[in-house]
Amino acid sequence: MSSSQRAESAHSFFKDYVSDKNSLVEFMVQFNRGMLHKRHEELIADHIDVNEKPRFKCPIKMEKQMSDINTRKYYYKFQDQLWESYNYNLEVRSEDENKCTLKVTREDHEDGRVRVIMYDKSKDFASCTCKLFKSAGVPCRHVLAYLHRIHQLHKLPDQYILKRWTKSPKSEVVMDKSGMEITVNKSLLEKRGLLFQQYSYVIDNVVLSEEASQLFQETMDSLIEKIKPLLAKNNSDGVEPLSKKSSTQESTFREPDEVRTKGREKRIKRGKEKSKGKRNGTGRHCHGCGKDGQTHDKRNCPVLLEKFPGADTNENSRGDGTDDCYSSQDD
């Protein structure tokens with residue numbers, strides 16, 4: 001899988017939960033919700049793999065082997081390839097000490113597409129020109145036909161089984177690039193959880209009795225006094241208590257200020273939004289006095305009413321939009 005395919009796979013999953021319109025807090029909430037949903041689906045798939053058995057098409061040992069090792073989803077892909085592998089014929093093209101080349105054709109489509117299998121004798125591995133195993137991790141029907149027809153194998157060799165498609169890949173040892181085992185120190189967390197479990201059991205029992213609660217409180221006070229010298233010794237040795245590592249203060253998030261970045265696309269306003277913004281922001285344009293940002297129009301323009309008292313300004317306009325008052329001034 002290439003880097004672009006990984007990005008496209010992640011985008012196709014997270015686009016159902018987050019969008020470019022989410023705020024920072026909404027993004028974190030939706031992101032965590034998507035991760036929880038993904039883990040829940042993995043738990044469901046693990047439950048199906050452990051407790052449910054797939055259906056077999058034919059009583060073949062190789063099919064039974066893969067149903068016990070691989071996940072159910074991967075097994076059905078392998079089952080289709082194994083079922084189709086019995087419809088292909090193989091013909092040896094060339095062979096030498098290091099490799100062997102074979103031609104694979106379908107029985108009912110002899111004039112159809114021809115696949116070529118390259119078998120490396122030193123690695124004991126067969127590769128096909130369809131490259132299904134390289135792209136999807138599933139042995140193709142052509143290689144399976146070669147294995148059970150030429151080599152007469154009833155079980156799939158280990159070099160054709162990928163660990164990522166097995167039922168328990170996460171329970172095995174994880175190695176880094178240098179070959180070192182990756183381990184997680186869980187002793188401190190396990191010890192802390194065990195102590196919490198023991199003392200919560202005691203508290204649930206003594207809380208119903210007043211005398212037992214008083215005895216428990218006195219015992220805890222004396223126990224704390226005995227523990228204080230041990231804690232002071234650990235602090236002097238540079239061991240930080242676990243309580244100081246975890247902050248008890250609540251974290252608050254504030255929305256960041258919205259900043260128009262360079263190159264940001266401007267939204268195209270509609271006609272109603274433009275006219276509404278123009279009226280509210282700049283006011284009207286009066287054709288009587290010719291001024292902008294006015295609260296009146298030509299019909300109740302104070303300039304026209306002062307020059308022509310008692311006249312109807314609606315009739316003082318020509319058909320071409322020119323006012324008669326201006327023509328009278330020109331005369």
Within the structure provided, determine whether [X] and [Y] are in side-chain contact (heavy-atom separation under 4.5 Å).
{"X": "Leu144", "Y": "Phe78", "result": "yes"}
{"X": "Leu153", "Y": "Pro157", "result": "yes"}
{"X": "Lys77", "Y": "Trp165", "result": "no"}
{"X": "Leu82", "Y": "Ser85", "result": "yes"}
{"X": "Ser127", "Y": "Met118", "result": "yes"}
{"X": "His154", "Y": "Gln65", "result": "no"}
{"X": "Arg149", "Y": "Tyr88", "result": "no"}
{"X": "Glu63", "Y": "Trp83", "result": "no"}

Please walk me through it: do Glu91 and Thr105 pass side chain to side chain contact (heavy atoms under 4.5 Å, CB included)?
CA-CA 8 Å; Glu91 179 183 352; Thr105 55; over 6 Å; no
Should the heavy atoms of other residues, nucleotides or ligands under 6.0 Å from [atom1] of [X] be counted, would the total exceed 12?
{"X": "Tyr199", "atom1": "OH", "answer": "no"}
{"X": "Glu218", "atom1": "CD", "answer": "yes"}
{"X": "Glu211", "atom1": "CD", "answer": "no"}

Where do Lys38 and Tyr17 land on the side chain to side chain contact (heavy atoms under 4.5 Å, CB included) test, with the steps shown first?
CA-CA 12 Å; Lys38 188 68 174 178; Tyr17 298 93; over 6 Å; no
[X] side chain vs [Y] backbone, donor-acceptor pair below 3.5 Å:
{"X": "Thr101", "Y": "Arg93", "value": "no"}
{"X": "Asp49", "Y": "Arg72", "value": "yes"}
{"X": "Ser213", "Y": "Val206", "value": "yes"}
{"X": "Asn205", "Y": "Val202", "value": "no"}

Would you check, one step at a time, whether the test side chain to side chain contact (heavy atoms under 4.5 Å, CB included) holds for Lys121 with Glu95?
CA-CA 10 Å; Lys121 295 182 180 180; Glu95 184 177 3; 3.1 Å; yes
Lys/Arg-Asp/Glu bridge criterion (N-O < 4.0 Å) met for Asp80, Lys57
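Yes.
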So which atom in Lys103 and which in Val114 form the shortest heavy-atom distance, rounded to 0.1 Å?
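For Lys103 versus Val114, the nearest heavy atoms are CG-CG1, 3.0 Å.
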Show your working on side chain to side chain contact (heavy atoms under 4.5 Å, CB included) between Leu43 and His47 and close with a plain yes or no.
CA-CA 6 Å; Leu43 292 176; His47 174 77; over 6 Å; no
Side chains of Gln294 and Arg284: donor-acceptor distance under 3.5 Å anywhere?
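Side chains of Gln294 and Arg284: no pair found under 3.5 Å.
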Could you tell me how the ring of Tyr119 sits relative to the ring of Tyr146: parallel (under 30°), tilted (30 to 60°) or perpendicular (over 60°)?
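If you compare the ring of Tyr119 with that of Tyr146, the planes turn out tilted.
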